[in-house]
K.L.:
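Please find one structure pasted underneath; my questions will follow.
Below, read A as the first sequence line, B as the second, and so on, with proteins coming before strands; counting in each chain starts at 1. What you are looking at is a predicted structure, and each value in this text was computed from that prediction instead of being measured.
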Protein chains: 2
Amino acid sequence: MGETQAAPEPWAEVPARLRARGLRWTPQRRTLLAVLAETRGHVTGAELVERCRTLDPATIPSTVYRTLDVLEDLGIVRHAHGLDGREEFHVLPAADHGHLSCSGCHGTWDVDADDAAALVAVLAERRGFRVDLSHLSVAGLCKGCASER
Amino acid sequence: MGETQAAPEPWAEVPARLRARGLRWTPQRRTLLAVLAETRGHVTGAELVERCRTLDPATIPSTVYRTLDVLEDLGIVRHAHGLDGREEFHVLPAADHGHLSCSGCHGTWDVDADDAAALVAVLAERRGFRVDLSHLSVAGLCKGCASER
DNA sequence: GATGCTATTGCAACATGCTGCAACAACTGC
DNA sequence: GCAGTTGTTGCAGCATGTTGCAATAGCATC
Ligand SMILES: [Mn+2]
Ligand SMILES: [Mn+2]
Ligand SMILES: [Zn+2]
Ligand SMILES: [Zn+2]
């Protein structure tokens, strides 16, 4: 396929990165990677399973979740948790960021490194704690929903 | 126990507070309240179901979870989510606080209002967002685990 | 290209919750 | 006390993952 790859797609390197760790490149992983390559922003695990099934109806959920664990180790995806605790994956996050969600309207926004800087600094100074920003998910009421009360 | 009990046990008032809202005081709710009255700190939902079963083996999980929802409305309990997204309830939180957990050793600590003040202020100023501190749960590496790498 | 090591898969079972619905039972008002 | 209203319960089924285990199949090596 004479496709021109605009950016240095990291997807092409995944098989080699897996093998370098003694891991394997399987058809099931190929399917998930194909799905992820077309995904932007945040997706739930269940959604990824569903999309894999459109490529390969024989997709097994546990295989997808286990592969997501591996990919998270490689830094290809990151996850946080929505208001209900459900996993939300972020594919190839351009910039590290946390998540903000409104329990009133269920809107979501990103918390960039700058927004979180103060909290990160406080916890680092006071406890030597290193915050995982990508896993951070802050709940509350957005401007609109807060004024409604 | 020379400590002054500022407020009388709130448990005694629960039946009345329920009825005031048109809700009901049932044996199942009595059981859960009995469990909560003996609980300090954080507990998972599953743990509460288990403890209810020791008082009443006929306890049904969905009833417990639905009652927890009601009690959260009343402000008797609050919940956040652990690293894995599982619910963790806090009974009668003395002071509003968030949660800090280490993904290395699974240790947990409280994030008090002062620790979180900077983040809360930033989100309020920049977006008019009102943070729900009790639902906040920050992940990362504690001092010990961070230095191990 | 065949071989062997072992990572990975598929499957079944389990864990933790949530939801729809019909039967039941607190409470209110008489 | 009794009846009616309607909030609750129990139950079955679903949603989202996780885990143990035996069978399978990558892939490094020859
Ligand atoms: Mn929540
Ligand atoms: Mn997590
Ligand atoms: Zn909102
Ligand atoms: Zn730690």
Side-chain angles (χ1 to χ4, degrees), chain A residues 14-33 35 42-53 55-74 77-89 103 106 135 137, chain B residues 14-33 35 42-53 55-74 77-89 103 106 135 137:
Chain A
V14 171
R17 292 185 61 195
L18 287 171
R19 291 190 192 108
R21 292 193 178 200
L23 306 180
R24 294 169 191 177
W25 181 236
T26 67
Q28 294 82 355
R29 290 181 175 175
R30 203 185 315 268
T31 300
L32 177 54
L33 266 285
V35 165
H42 304 89
V43 224
T44 66
E47 237 159 13
L48 289 172
V49 170
E50 209 43 57
R51 293 187 197 174
C52 281
R53 277 209 225 270
L55 291 189
D56 174 7
T59 297
I60 302 297
S62 61
T63 297
V64 173
Y65 289 115
R66 284 189 283 220
T67 299
L68 284 168
D69 283 346
V70 171
L71 295 178
E72 195 151 8
D73 268 352
L74 295 186
V77 301
R78 314 248 67 176
H79 84 270
H81 299 269
L83 280 176
D84 51 6
R86 215 166 300 170
E87 288 184 320
E88 309 211 320
F89 288 89
S103 51
H106 290 132
H135 192 275
S137 147
Chain B
V14 171
R17 292 186 59 196
L18 287 172
R19 291 190 190 108
R21 291 194 178 198
L23 306 180
R24 292 168 192 179
W25 182 235
T26 67
Q28 294 82 355
R29 290 180 176 175
R30 203 183 317 266
T31 301
L32 178 54
L33 267 284
V35 166
H42 303 88
V43 224
T44 67
E47 239 158 12
L48 289 172
V49 169
E50 208 44 57
R51 293 187 198 175
C52 282
R53 279 208 224 270
L55 291 189
D56 173 8
T59 298
I60 302 298
S62 62
T63 297
V64 173
Y65 289 115
R66 283 188 283 220
T67 299
L68 285 167
D69 282 346
V70 170
L71 295 178
E72 196 152 6
D73 268 352
L74 295 186
V77 301
R78 314 248 66 176
H79 84 270
H81 300 269
L83 279 177
D84 52 5
R86 216 166 297 169
E87 287 183 320
E88 308 211 323
F89 288 90
S103 50
H106 289 131
H135 192 274
S137 153

K.L.:
Are A:Y65 and A:V49 side-chain neighbours, meaning at least one heavy-atom pair lies under 4.5 Å?
P.N.:
yes
K.L.:
Report the distance from atom CH2 of A:W25 to atom P of D:dA28, rounded to the nearest whole Å.
P.N.:
14 Å
K.L.:
To the nearest Å, how far apart are B:D56 CG and D:dG10 C1'?
P.N.:
12 Å
K.L.:
Check the distance between D:dA12's C1' and B:Y65's OH and give it to me in whole angstrom.
P.N.:
17 Å
K.L.:
Using 0.5 Å steps for rounding, measure from the CZ atom of B:R66 to the CG atom of B:L32.
P.N.:
13.0 Å
K.L.:
Looking at B:C52, is its backbone amide N or carbonyl O close enough to the side chain of B:T31 to form a donor-acceptor pair, meaning the two atoms are under 3.5 Å apart?
P.N.:
no
K.L.:
Expressed as a whole number of angstroms, how long is the span from A:L68:CG to C:dT9:P?
P.N.:
11 Å
K.L.:
With sugar-phosphate meaning primed atoms plus P, OP1 and OP2, does B:G22 contact a base, only sugar-phosphate, or nothing at under 4.0 Å between heavy atoms?
P.N.:
sugar-phosphate
K.L.:
B:L18 CG to D:dG7 P: how many Å, rounded?
P.N.:
13 Å
K.L.:
Where the side chain of A:R86 meets the backbone of A:T44, is there a donor-acceptor pair that is under 3.5 Å apart?
P.N.:
no
K.L.:
Given atom CD of A:E50 and atom P of D:dG17, what is their separation to the nearest angstrom?
P.N.:
13 Å
K.L.:
Just how far is it from atom CG of B:L33 to atom CG of B:L18, taken to the nearest 0.5 Å?
P.N.:
7.5 Å
K.L.:
Spell out, as yes or no, whether a donor-acceptor pair under 3.5 Å connects the side chain of B:R29 to the backbone of B:T67.
P.N.:
no
K.L.:
Taking the minimum atom-to-atom distance to the side chain of A:L23, which one of D:dC27, D:dG26, C:dA7 wins?
P.N.:
C:dA7
K.L.:
Is there a donor-acceptor pair under 3.5 Å between the side chain of B:E72 and the backbone N or O of B:H79?
P.N.:
yes
K.L.:
Write out a two-atom table: protein N or O, nucleotide N or O from nucleotides 19-25 of chain C, distance below 3.5 Å.
P.N.:
from	atom 1	to	atom 2	distance (Å)
C:dG20	O6	B:R66	NH1	3.2

K.L.:
Please report, rounded to the nearest Å, how far the C1' atom of D:dG17 is from the CG atom of B:L83.
P.N.:
16 Å
K.L.:
For the pair made of CZ in A:R86 and P in C:dT16, what is the distance, rounded to whole Å?
P.N.:
17 Å
K.L.:
Please determine whether a side-chain nitrogen or oxygen atom of A:T63 lies at a distance below 4.0 Å from atom OP1 or OP2 of C:dG10.
P.N.:
yes
K.L.:
Here's a test of your reading of the structure: between B:G45 and A:T67, which maps to the more 5' nucleotide of DNA chain C?
P.N.:
A:T67
K.L.:
Between C:dG10, C:dG17, D:dT16, spot the one nearest the side chain of B:E87, thanks.
P.N.:
C:dG17
K.L.:
Looking at A:Q28, does any N or O in its side chain come under 4.0 Å of the phosphate oxygens OP1/OP2 on D:dA25?
P.N.:
no
